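Quick caveat: nothing in here was measured; it's all calculated off a predicted structure. Each chain gets a letter, A, B and so on, in the order the sequences are listed, and its residues count up from 1.
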There are 2 protein chains.
Amino acid sequence: MRHPASPPPATSLSPTPDLRRRRKDARPAELAAAALRLFVDKGYTATRLDDVAAAAGVSKGTLYLYYPGKEALFRAVIEEGMVAALSLAEHEVAAFRGSTADLLHALLIGWWERIGGTPLAGVTKLIISESRNFPEVAQYYREQVLDRGRALVRATIARGIAEGEFRPLDVDAAVDIVIAPLLLLAVSRFSLPLATGSIAPEAYLETHFELLVNGLKRS
Amino acid sequence: MRHPASPPPATSLSPTPDLRRRRKDARPAELAAAALRLFVDKGYTATRLDDVAAAAGVSKGTLYLYYPGKEALFRAVIEEGMVAALSLAEHEVAAFRGSTADLLHALLIGWWERIGGTPLAGVTKLIISESRNFPEVAQYYREQVLDRGRALVRATIARGIAEGEFRPLDVDAAVDIVIAPLLLLAVSRFSLPLATGSIAPEAYLETHFELLVNGLKRS
DNA sequence: CTGTAGTGACTGACCAGTCAGTAATATATG
DNA sequence: CATATATTACTGACTGGTCAGTCACTACAG
């Protein structure tokens, strides 16, 4: 066959008005988005580049015009989006005026709105699954996402202790206790049976917050 | 080559005295243990059965004498060990006399000793990574491990509330908040960069416990 | 010499990566 | 403006390597 179907007809519904062909600038992001979905769903090794290309509406050859190989596509998927969300949160924390409990609450909600509730949450599962196979990517993620996120929570807890709102405790361990339910929530969205089977994410986060401030504050 | 090295000589150090050949009864467990290690480390799809067999000290043909295929090996890896640990915990909880806080503490420590600190913890990462590709296995794990573990924690929290030791709250959400740091700790052992980079698991669990009881108890 | 545990070369399917070719757009020419 | 030519985005058949699963065989045990 020459054409899959027909050259000009009904361009279906797509984000941009779309000319169906020749869209050099939009391709990389479309391919990365398709790859994220498939990598998270099936795993890196089990995902075929033919499927990624098809999901982005192009052929495999086109994929290789924009990415030199499968691993480069993986890197692009990880190194995208998350960092921007982090920078925003860092500014918000620095500018925040109010109780530390309110700041902690804002952090949890902000995480859900900008990461946990978006396709970006899938990156968490991807890193868990593949970090051993891609040590350099894992290190990048650790430095640029995890460490910065942890520093944010750490600063928040330290602020609460300094102002006498929270009682003194092992801050480093506490940071991970704060973060753990978030990561679990992110992962469970892409791994059916893990936790919060039926509970609404918002209620789950509220309970987490409530337990935290009660556990953190001076008695 | 006929033999990897030599037939009778120094059988290295292995659990059983070992006769090197003809050990029909020990093979399945050895193969499953080797498979767990490799599946957790590299992922299911990226693990070659040749490597699993070699790690268990046999050839690939032998693997097929004991398991009908790769997926059956995966099932065996998941459906083994975890359930026994759960039954034990269920009996301990039923027989426990003492404060609910102490019971919660015993649950956390018991989990670490029987699951979190053992190779069994890798099953958690495996389920996270592969549940989408094996829905039936995921459902088995959910019913036989997750739901029963969650019921255990749920009963503990309910006990605390009934006896006036804990304040009333959303029990279902609280259960997942209790479990989340455990799962994260298990996963981080096999996914380098996730959390508790340097913190000792015991200290981490103690902080978790301390935060929990402070957050749970009546103020 | 019979049964059973174990072997490893083989095969067929699958897939990452390639490349010669096709078709859409841009530019040059009469 | 029509037509030729150059450029660029895109395609999909093909290849080479990999690996799950098979099976004819070996060797040990009783």
Phosphate OP1/OP2 of C/dG6: any B/Arg23 side-chain N/O under 4.0 Å: no
Whole-Å gap separating C1' (D/dA20) and CZ (B/Phe74): 17 Å
Spacing of A/Ile177 atom CD1 and B/Leu205 atom CG [to the nearest 0.5 Å]: 7.5 Å
Distance, rounded to the nearest Å, where B/Lys70 contributes NZ and C/dA13 contributes P: 18 Å
Any B/Ser59 side-chain nitrogen or oxygen under 4.0 Å from OP1 or OP2 of C/dG6: no
SB check B/Arg75 B/Glu80 (cutoff 4.0 Å): no
Below 4.0 Å: OP1/OP2 of C/dG6 and any side-chain N or O of B/Tyr66: yes
Gap between atoms NZ and P, on A/Lys60 and C/dC19 respectively (whole Å): 14 Å
Atom-pair distance (CG on B/Leu38; C1' on D/dC19), nearest Å: 15 Å
Sugar-phosphate only, base, or nothing, as touched by B/Tyr67 at under 4.0 Å among non-hydrogen atoms: nothing
Touch class at under 4.0 angstrom, heavy-atom based, for A/Thr47 against every strand present: sugar-phosphate
Nearest-angstrom distance from the residue atom OH of A/Tyr64 to C1' of C/dC15: 9 Å
Spacing between B/Leu63 atom CG and D/dC23 atom C1', to the nearest angstrom: 16 Å
Residue closer to the 5' end of DNA chain C, A/Ala46 versus A/Pro68 (nearest nucleotide): A/Ala46
A/Lys42 NZ to C/dC14 C1', straight-line distance once rounded to whole Å: 14 Å
Short N-O contact, B/Glu143 and B/Arg148, less than 4.0 angstrom: no
From C/dG17, D/dC10, D/dA20, nucleotide with atom closest to A/Thr62 side chain: D/dC10
Among C/dA5, D/dT22, C/dC15, the one nearest B/Lys24 by side-chain distance: C/dA5
Sugar-phosphate only, base, or nothing, as touched by B/Leu65 at under 4.0 Å among non-hydrogen atoms: base
Nucleotide D/dG21, atom P - distance to CG of B/Asp50 in whole Å: 12 Å
Interatomic spacing from CG in A/Asp172 to CZ in A/Arg154 - rounded to 0.5 Å: 4.0 Å
Mutual orientation of the aromatic rings belonging to A/Tyr44 and A/Phe39 [parallel < 30°, tilted 30-60°, perpendicular > 60°]: tilted
Selected nucleotide, minimal atom distance to B/Arg27 side chain, candidates D/dA20, C/dG6, D/dA9: C/dG6
Selection from C/dA5, D/dT11, D/dC19 that lies nearest to any side-chain heavy atom of A/Val58: D/dT11
